[in-house]
A.B. asks: 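Attaching a single structure in structure tokens format; questions to follow.
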Amino acid sequence: MQSKPLDVEFYSIPANAVARSLLGMRLVRILEGARLVGRITETEAYRGEEDLACHARAGRTARTAVMYGPPGRAYIYFTYGMHWMLNVVCEGLDFPAAVLVRAVEPVEGLEQIAQRRAGVPPRSWTDGPAKLCRAFGIDGSLNELDLTADNGRLWIEAGQPVSDENVVSGPRVGIGYAAEPWLSMPWRFQIRENEGHRSDG
DNA sequence: ATCTAGATGACCT
DNA sequence: GGTCATCTAGATG
């Protein structure tokens, strides 16, 4: 399936809407000549300086400057001393907003992914924001990259859209420091089948 | 299945 | 100097 990167329009709407729409889209990474593809299954939206969970709550800094730039760029940051996180900038110029890609389902390039995640069970290869970055070789060198351009390294393509009945939304993860209403804002989205792994009956 | 603690460095106050 | 949009291994039912 050959496709073009999603265009700037896709990212020019409120970040929570982008986060919802990104479910089912395809994250594509060209790494050492190999093509890795993952179906996006979980996202989170962060929007504005008022959002106390958003990095931009501290205003424009060296780190958050990307979020104030044009939509469709990658915002990739380092945390916990060892983890990279992939976000896509959303909304308009000078309004800081982004969507964190929290999980994907491996679709292509399984051999390369398996290599990068050696010793880890397949189910856990890309089911977390830092895990997928490791599996896809995404790090700070790709920060600020334009994901709407033909950059030959990283972009997002259209995929099979997910219907509302198959989407679960809820509060964002790991932001316990934030006050209400931001703490409970339902800006985390995931595909229902990926919500939990229970098989009871 | 669920909990806990440690890793490890950039970032903001 | 404390905090962090996390992950993993290890211990416990």
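Residue numbers start from 1 in every chain, and the chains themselves are labelled A, B, ... in the order their sequence lines are given, proteins ahead of strands. These numbers come from the heavy atoms of this one structure, side chains and all, not from hydrogens, waters or symmetry mates.
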A.B. asks: Suppose we screen for salt bridge (Lys or Arg N to Asp or Glu O under 4.0 Å). Which residues come up paired with Asp51(A), at least two apart in sequence or across chains?
C.D. replies: Arg172(A)

A.B. asks: Give one of base, sugar-phosphate or nothing for Ser124(A), where a contact means two heavy atoms less than 4.0 Å apart.
C.D. replies: nothing

A.B. asks: In the hydrophobic cluster built from side-chain contacts under 4.5 Å, what are the other members alongside Tyr80(A)?
C.D. replies: none

A.B. asks: Using a heavy-atom distance cut-off of less than 4.0 Å, which residues of residues 109-119 of chain A contact DNA chain C?
C.D. replies: Arg117(A)

A.B. asks: Please identify each residue that fulfils salt bridge (Lys or Arg N to Asp or Glu O under 4.0 Å) with Arg102(A), with sequence neighbours left out.
C.D. replies: Glu42(A), Glu44(A)

A.B. asks: Could you tell me whether Arg57(A) and Glu50(A) make a salt bridge, using a distance below 4.0 angstrom between a side-chain N and a carboxylate O?
C.D. replies: no

A.B. asks: Other residues, nucleotides and ligands only: do more than 12 of their heavy atoms fall within 6.0 Å of CZ on Arg188(A)?
C.D. replies: yes

A.B. asks: Going by the side chain to side chain donor-acceptor pair (under 3.5 Å) test, which pairs reach into residues 83-97 of chain A, not counting sequence neighbours?
C.D. replies: Arg47(A)-Glu91(A), Arg60(A)-Asp94(A)

A.B. asks: Output yes when Lys131(A) and Asp127(A) qualify as a salt bridge under the 4.0 Å nitrogen-oxygen rule, no when they do not.
C.D. replies: yes

A.B. asks: Going by number, which of residues 11-25 of chain A have a non-hydrogen atom under 4.0 Å from DNA chain C?
C.D. replies: none

A.B. asks: Rounded to the Å, how far apart are Phe78(A) CZ and dA7(B) C1'?
C.D. replies: 11 Å

A.B. asks: Show me the pairs that pass salt bridge (Lys or Arg N to Asp or Glu O under 4.0 Å) and involve residues 69-81 of chain A, at least two apart or across chains.
C.D. replies: none

A.B. asks: Give me each pair satisfying salt bridge (Lys or Arg N to Asp or Glu O under 4.0 Å) with a member in residues 139-148 of chain A, each pair once, sequence neighbours excluded.
C.D. replies: none

A.B. asks: Strictly under 3.5 Å: I want the nitrogen or oxygen pairs between protein and nucleotides 2-6 of chain C, one per line.
C.D. replies:
from, atom 1, to, atom 2, distance (Å)
dA5(C), OP1, His55(A), NE2, 2.8
dA5(C), OP2, Tyr177(A), OH, 2.6
dA5(C), O4', Tyr46(A), OH, 3.4
dA5(C), N9, Tyr77(A), OH, 3.3
dA5(C), N7, His55(A), NE2, 3.1
dA5(C), N1, Asn87(A), OD1, 2.4
dA5(C), N3, Tyr77(A), OH, 3.3
dT6(C), OP1, Arg102(A), NH1, 3.2
dT6(C), O2, His83(A), NE2, 2.7

A.B. asks: Do Leu132(A) and Leu27(A) have side chains that get closer than 4.5 Å, going by heavy atoms?
C.D. replies: yes

A.B. asks: With pairs defined as Watson-Crick or G-U wobble and both distances under 3.5 angstrom, please note down DNA chain B as a dot-bracket string, | for pairing with another strand.
C.D. replies: |||||||.||||.

A.B. asks: List, by chain and number, the other hydrophobic cluster members for Val28(A), where Ile, Leu, Val, Met, Phe, Trp and Tyr join if side-chain heavy atoms come within less than 4.5 Å, directly or indirectly.
C.D. replies: Ile30(A), Val37(A), Val107(A), Trp155(A)

A.B. asks: For Asp164(A), which residues count as a salt bridge (Lys or Arg N to Asp or Glu O under 4.0 Å) partner, sequence neighbours excluded?
C.D. replies: Arg20(A)

A.B. asks: Centroid separation under 6.0 Å, is that true for the rings of Tyr77(A) and His55(A)?
C.D. replies: yes

